[in-house]
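Encoded as structure tokens, the structure appears first; notes follow it.
Proteins get letters first, then strands, A, B, ... in listed order; numbering begins at 1 in each. Owing to the predicted nature of the structure, the values given are computational and were not obtained by experimental measurement.
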Amino acid sequence: MALKIYNTLSRTKEEFQPLEPGKVRMYVCGPTVYDRAHIGHAMSAIVFDIIRRYLEYIGYEVRFVMNYTDVDDKIIERAKQLGIDPFALAQRYIDDYQRNLEALNVKPATLNPRATQEIDFIISMIQKLIDAGAAYVVDGDVYYRVESDPEYGKLSGRKLETMNAGARVQVDERKEHPMDFALWKAAKEGEPAWDSPWGKGRPGWHIECSAMNMHYLGEQIDIHGGGTDLIFPHHENEIAQTEALTHKPFARYWIHNGMLTFKSEKMSKSVGNMITIDEFLQKHPGDVMRLLVLNGSYRSPLTYSDEVLEQTEQAYRRLLSAKKPALPNAPGISPEKAQALAEAAQKAHAQFIESMDDDFNTAAAMAAIFELVKQINQARAEGATQAQLEPAQAMFNELTSVLGLQLQEQAGAQTSADPFIDLLVKVRNELRVQKNWALSDKIRDELKALGVILEDSKDGTTWSWE
RNA sequence: GGCGACGUGGCCAAGCGGCAAGGCAAGAGUCUGCAAAACUCUCAUCAUGGGUUCGAUUCCCAUCGUCGCCUCCA
């Protein structure tokens, strides 16, 4: 039994073998910070967070790098519109993004390099590409020469001959080949610029990722990730640039997440159908976003709608139900049944591993977890003590936390109200003893309106925040 | 136009050669003063048409439909 990963490069699932035993070098393309992040970004961040957490869970030491593209045309354009400094704009959205990631319980990367902090490294890399004949200079711009790479197109499955056939893009006549792409862009008046052997300018988009990879992870890495929309041209170009210098396979496994779709359409800024992460989190716990992702395959499009969201909210509540303690005054279940519960926990673990090992099949992994939820709830309903529930609940906590779920009941600020609620519950129970149903129901209804849920059982009453 | 992916119950979604996971919703029941929660039970032959096979949701071909990439994009 071993981990298998679907590799975009080979279009098959391959057994995972890192370059160095026990260690994983992983790079994920982060956002271009010119606007607030939407839930499509959240999906991607969560997908790779789950992959990273699982790799760590099965014992790998993961060096996880995610970059920020903090200089590009859109940032410059946006800053100009707003009349502010482009670097300040980028910084603001980087801060936003980090706050979003934290709220989504995405583990911080080992390193978050930025394009603007890698200029020297980028320039020296471009120079080497020119020296190697893989790039050329035109009027202060530097372009990568795609025809210098016989393997160009291997990731996206395209051929240079067929690519320009339907191209709708205005071809820059100065380029040797229409598909040649910019490594360095000459700066226009008033744009952020750095000195270079080719004049003032800034790096192109693709080269920064190649540079940061090489700088922080080395000439070869294990996993390179991003959304499917990055396969071409971004990742194709990264491969071309990097391999032109190293003559070695760049990333061993290319992993791409599917797009989040809203009303059958990809959610993106250009379509204008975006929901920001902030907007989402105002209405829902971060766990719900994560469950949305976990419900399906990371490689497939994720259907987003109000209906699906409601279903996910319900599933979230069901998961929470597994964490409830034993009933008050639980009499206990037979040793055989307690043993069966402990075995169910082991079985869930085995199924979880088996599923995750199969290209991170989170949907199947969740099925194993839901099965465990059922077993726990069943045992509790039959009167298991807390000690008897313990092993199964510990397993539940372990597995859900590997997936990055927090599953914390609402708590914290409300704690000062707790004694008063306890008091109301106590009073209400006296009313119930007196069979004063009208008043006791009223208390329950009004507490509900305040967000407190009362649940009566034959052994007593429990309450929780909604 | 080129390349690619997908089409599984009311909804979301695994599976991908041998009697179709899981979640939500729905219906019936247990428990409860009632309610809620939980528990029990019920609920699909896998877009359509051919083909390969002892046997196909799973492989092949065709058709219809949806989506992505080819331009910035997670």
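- Separation of the C1' atoms belonging to B:A62 and B:C12 is 30 Å when rounded to the nearest angstrom.
- As a whole-Å value, the separation of A:Lys159 NZ from B:C70 C1' is 15 Å.
- The same atom, C1', is picked in B:U32 and in B:A37; the two are 11 Å apart, to the nearest Å.
- Residues passing the side chain to side chain contact (heavy atoms under 4.5 Å, CB included) test with A:Ser300 are A:Ser297, sequence neighbours excluded.
- Partners of A:Glu382 under the salt bridge (Lys or Arg N to Asp or Glu O under 4.0 Å) rule, at least two apart in sequence or in another chain, are A:Lys337.
- Separating the C1' atom of B:G7 from that of B:C46 is a span of 10 Å, rounded to the nearest Å.
- B:G49 and B:C67 are spaced 23 Å apart, taking the C1' atom of each and rounding to whole Å.
- When the C1' atom of B:C3 is taken as reference, atom CE of A:Met179 falls 12 Å away, rounded to whole Å.
- The distance between atom NE2 of A:His234 and atom P of B:U71, rounded to the nearest whole Å, is 15 Å.
- A:Lys347 places its NZ atom 12 Å from the C1' atom of B:A21, with the value rounded to the nearest Å.
- Across all strands shown, the partner of B:C59 is B:G51, judged by Watson-Crick or G-U wobble contacts whose two distances both fall under 3.5 Å.
- The residue A:Gly157 sits close only to the backbone: its heavy atoms come under 4.0 Å of sugar-phosphate atoms, none of a base.
- For A:Lys4, the salt bridge (Lys or Arg N to Asp or Glu O under 4.0 Å) test picks out no residue, with sequence neighbours left out.
- Under the Watson-Crick and G-U wobble criteria, each requiring two contacts below 3.5 Å, nucleotide B:U40 is paired to B:A28.
- Between the CD atom in A:Glu15 and the CG atom in A:Leu3 there is a gap of 8.5 Å [rounded to 0.5 Å].
- The residue A:Gly30 sits close only to the backbone: its heavy atoms come under 4.0 Å of sugar-phosphate atoms, none of a base.
- The shortest distance between the side-chain N/O atoms of A:Asn361 and the OP1/OP2 oxygens of B:G15 is below 4.0 Å.
- Nucleotide B:U66 forms a Watson-Crick or G-U wobble pair with B:A5, both donor-acceptor distances falling under 3.5 Å.
- Here A:Ala384 pairs with A:Ile333, A:Ala379, A:Gln388, A:Leu389 under the side chain to side chain contact (heavy atoms under 4.5 Å, CB included) rule; sequence neighbours left out.
- Using a cutoff of 4.0 Å between basic side-chain nitrogens and carboxylate oxygens, A:Lys266 and A:Asp229 are scored as salt-bridged.
- Nearest-nucleotide mapping onto RNA chain B: of A:Arg299 and A:Thr32, the residue sitting toward the 5' end is A:Arg299.
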Quiz item: What does nucleotides 25-38 of chain B look like as a protein-contact string, B for base, S for sugar-phosphate only, - for none, at under 4.0 angstrom between heavy atoms?
Solution: S-------BBBBSS

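- Mapping A:Gln375 and A:Asp358 onto RNA chain B by nearest heavy atom places A:Asp358 at the nucleotide closer to the 5' end.
- We find that OH of A:Tyr298 is positioned 16 Å from C1' of B:C6, with the value rounded to whole Å.
- Comparing B:U57 with B:A14, their C1' atoms sit 13 Å apart, to the nearest whole Å.
- For A:Asp358, the side-chain hydrogen bond (donor to acceptor under 3.5 Å, both in side chains) test picks out A:Lys13, with sequence neighbours left out.
- In this structure, A:Thr362 and A:Tyr298 have side chains that are not in contact, with every pair of non-hydrogen atoms separated by 4.5 Å or more.
- Comparing B:G51 with B:C39, their C1' atoms are spaced 49 Å from each other, to the whole Å.
- Atom CZ in A:Phe370 sits roughly 12 Å away from atom C1' in B:C12 (whole-Å rounding).
- A distance of about 34 Å separates the P atoms of B:G27 and B:U66, rounded to the whole Å.
- Here A:Ile231 lies out of heavy-atom contact (under 4.0 Å) with every strand.
- The residue A:His38 sits close to a base: some heavy atom pair falls under 4.0 Å.
- Applying the ring pair (Phe, Tyr, Trp, His ring centres under 6.0 Å) criterion to A:Phe181, with sequence neighbours excluded, gives A:Tyr144, A:His206.
- Remark: A:Asp96 engages A:Arg99 in a salt bridge (Lys or Arg N to Asp or Glu O under 4.0 Å) (not counting sequence neighbours).
- A gap of 33 Å separates the C1' atoms of B:A38 and B:U45, to the nearest Å.
- Distance, A:Arg290 CZ to B:C12 P: 24 Å, rounded to whole Å.
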Please list each protein N or O that sits under 3.5 Å from an N or O in nucleotides 65-68 of chain B, with the distance.
residue: B:G68; atom: OP1; partner: A:Lys266; partner atom: N; Å: 3.4

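- The base-pairing partner of B:U71, taking Watson-Crick or G-U wobble contacts with both distances under 3.5 Å, does not exist among the strands shown.
- Taking 4.0 Å as the cut-off between side-chain N and carboxylate O, A:Lys283 and A:Glu313 do not count as a salt-bridged pair.
- For B:C46, there is no paired nucleotide, since no Watson-Crick or G-U wobble pair has both relevant distances below 3.5 Å.
- With salt bridges taken as basic N to acidic carboxylate O contacts below 4.0 Å, one links A:Arg174 and A:Asp141.
- When heavy atoms are screened at a 4.0 angstrom cut-off, A:Leu260 is found touching base atoms of the nucleic acid.
- Applying the Watson-Crick and G-U wobble criteria (two distances, each under 3.5 Å), B:C34 pairs with nothing in any strand.
- The separation between A:Leu291 atom CG and B:A13 atom P is 15 Å, rounded to whole Å.
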